[in-house]
**Student:** 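Supplied in structure tokens, the structure appears directly below.
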Amino acid sequence: MSEPCREWLLDETIPSDPLEACELIRRVVERLETEAWGDESLFAVHMALEEAVMNAIKHGNKRNIKKHVFIQISCDGNELSIQVRDEGDGFVPEDIPDPTAEENLERTSGRGVMLIREFMDEVCFNESGNQITMKK
């Protein structure tokens, strides 16, 4: 269940720089703290947003600092909606190997989307696979 919040919108474009991503995530979490979101929801949104933005930088934009990540966050009072889009070619979410399968346990990637799905109430990807939409 999402926490109530005042209506607001954040629409930002950042370079594929993890430091810029961390600063944006920090500001979003601080905003939600002022909205009195509970610790569990704050943790869930923080983790999902961090995974989505870092995946966009690392996998989507291949850490190319000249490429950008586009983040749109809106809160309408009861629902927080987050869209993260990169300039990469995209991927097919169904093709991600199950990170909990024994043969994948030692792989260093594949857990981010699983975590996002676990922490958020709704998760979907656009057709080209370069944008994620998450709702809490």
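Just so it is clear, the structure is predicted and the values come from calculations on it, not from any experiment. Numbering of residues begins at 1 and proceeds along the displayed sequence.
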**Student:** Specify the closest pair of heavy atoms between Thr133 and Ser81, including all atoms of both residues, with the distance to one decimal.
**Tutor:**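 The answer is CG2-OG, 4.2 Å.
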**Student:** Indicate, with yes or no, if Phe119 and Val113 share a hydrophobic cluster defined by side-chain heavy-atom contacts under 4.5 Å among Ile, Leu, Val, Met, Phe, Trp and Tyr.
**Tutor:** no
**Student:** What is the minimum heavy-atom distance between Glu50 and Ile25, and which atoms define it?
**Tutor:** CA-CD1, 3.5 Å
**Student:** Can you see which heavy atom on Lys66 is nearest to which on Glu87, and at what distance?
**Tutor:** O-OE2, 4.4 Å
**Student:** From Ile57 CD1 over to Lys67 NZ, what is the distance, rounded to the nearest 0.5 angstrom?
**Tutor:** 13.0 Å
**Student:** Quick check for you: to the nearest 0.5 Å, what is the distance between Glu35 atom CD and Ser41 atom OG?
**Tutor:** 13.0 Å
**Student:** Enter the distance from Phe91:CZ to Ser128:OG here, rounded to the nearest 0.5 Å.
**Tutor:**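 Between atom CZ of Phe91 and atom OG of Ser128 there are 10.0 Å.
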**Student:** Taking it one step at a time, do Lys135 and Val123 satisfy side-chain contact (heavy atoms from CB on, under 4.5 Å)?
**Tutor:** CA-CA 7 Å; Lys135 294 183 179 180; Val123 177; over 6 Å; no
**Student:** Do other residues, nucleotides or ligands put more than 12 heavy atoms under 6.0 Å from the CG atom of Asp39?
**Tutor:**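 Counting neighbours around CG of Asp39, 12 or fewer heavy atoms of other residues, nucleotides or ligands fall under 6.0 Å, so no.
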**Student:** Should Arg63 and Lys58 count as side-chain neighbours, where that means a heavy-atom distance under 4.5 Å?
**Tutor:**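 Contact flag for Arg63/Lys58 side chains = yes.
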**Student:** Using a 4.5 Å cut-off on heavy atoms from C-beta on, say whether the side chain of Glu94 contacts that of Phe125.
**Tutor:** no
**Student:** At their closest point, which heavy atom of Asn61 faces which heavy atom of Ser16, and how far apart are they?
**Tutor:**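 Nearest heavy atoms, Asn61 then Ser16: ND2-OG, 2.8 Å.
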**Student:** Flag yes if Leu10 and Val84 sit in one hydrophobic cluster, no otherwise; membership is Ile, Leu, Val, Met, Phe, Trp, Tyr, and two members link when side-chain heavy atoms are under 4.5 Å apart.
**Tutor:** yes
**Student:** Would you call Ile73 and Leu9 a side-chain contact if the rule is heavy atoms closer than 4.5 Å?
**Tutor:** no
**Student:** Would you name the heavy atoms of Ile132 and Ala52 that are closest together and state the gap between them?
**Tutor:** CG2-CB, 3.9 Å
**Student:** Do you know the tightest heavy-atom contact between Leu32 and Val45?
**Tutor:** CD1-CG1, 3.7 Å
**Student:** With rounding to the nearest 0.5 angstrom, report the CD to CD distance, Glu51 to Glu118.
**Tutor:** 13.0 Å
**Student:** Let's go through Lys136 and Glu79 carefully: what are the C-alpha distance in whole Å and the side-chain angles of both, what is the deciding distance for side-chain contact (heavy atoms from CB on, under 4.5 Å) to 0.1 Å, and is it a yes or a no?
**Tutor:** CA-CA 6 Å; Lys136 186 79 172 154; Glu79 181 178 85; over 6 Å; no
**Student:** Flag the pair Arg27 and Glu30 as a salt bridge only when some basic side-chain nitrogen lies within less than 4.0 angstrom of an acidic carboxylate oxygen.
**Tutor:**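 Between Glu30 and Arg27 there is no salt bridge, as every charged N stays at least 4.0 Å from the carboxylate O atoms.
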**Student:** Say you draw a straight line from CG of Asn126 to CD of Gln131; how long is it, rounded to the nearest 0.5 Å?
**Tutor:** 5.0 Å
**Student:** Are more than 12 heavy atoms from other residues, nucleotides or ligands located less than 6.0 Å from atom CD of Glu103?
**Tutor:**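 For Glu103, atom CD is crowded (more than 12 foreign heavy atoms under 6.0 Å).
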**Student:** Between Met47 and Leu24, is there a shared hydrophobic cluster once you connect ILVMFWY residues whose side-chain heavy atoms come closer than 4.5 Å?
**Tutor:**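 No, no single cluster joins them.
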**Student:** So, Asp17 side chain and Ala21 main chain: donor-acceptor pair closer than 3.5 Å or not?
**Tutor:**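 No; judged by distance alone, with no hydrogens or angles, the pair does not exist.
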**Student:** Identify whether Leu80 and Phe70 are in the same connected component of the hydrophobic contact network (ILVMFWY, side-chain heavy atoms under 4.5 Å).
**Tutor:**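 No, Leu80 and Phe70 fall in different hydrophobic clusters.
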**Student:** So, taking the atom named CG in Asp86 and the one named NE2 in His68, what distance separates them when rounded to the nearest 0.5 Å?
**Tutor:**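 Separation between the atoms: 12.5 Å.
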**Student:** Applying the 4.5 Å side-chain criterion to the ILVMFWY set and letting contacts propagate, would Ile71 and Met54 be lumped into a single cluster?
**Tutor:** yes
**Student:** Measure the shortest side-chain to side-chain distance between Met114 and Arg117 over non-hydrogen atoms and say whether it is less than 4.5 angstrom.
**Tutor:** no
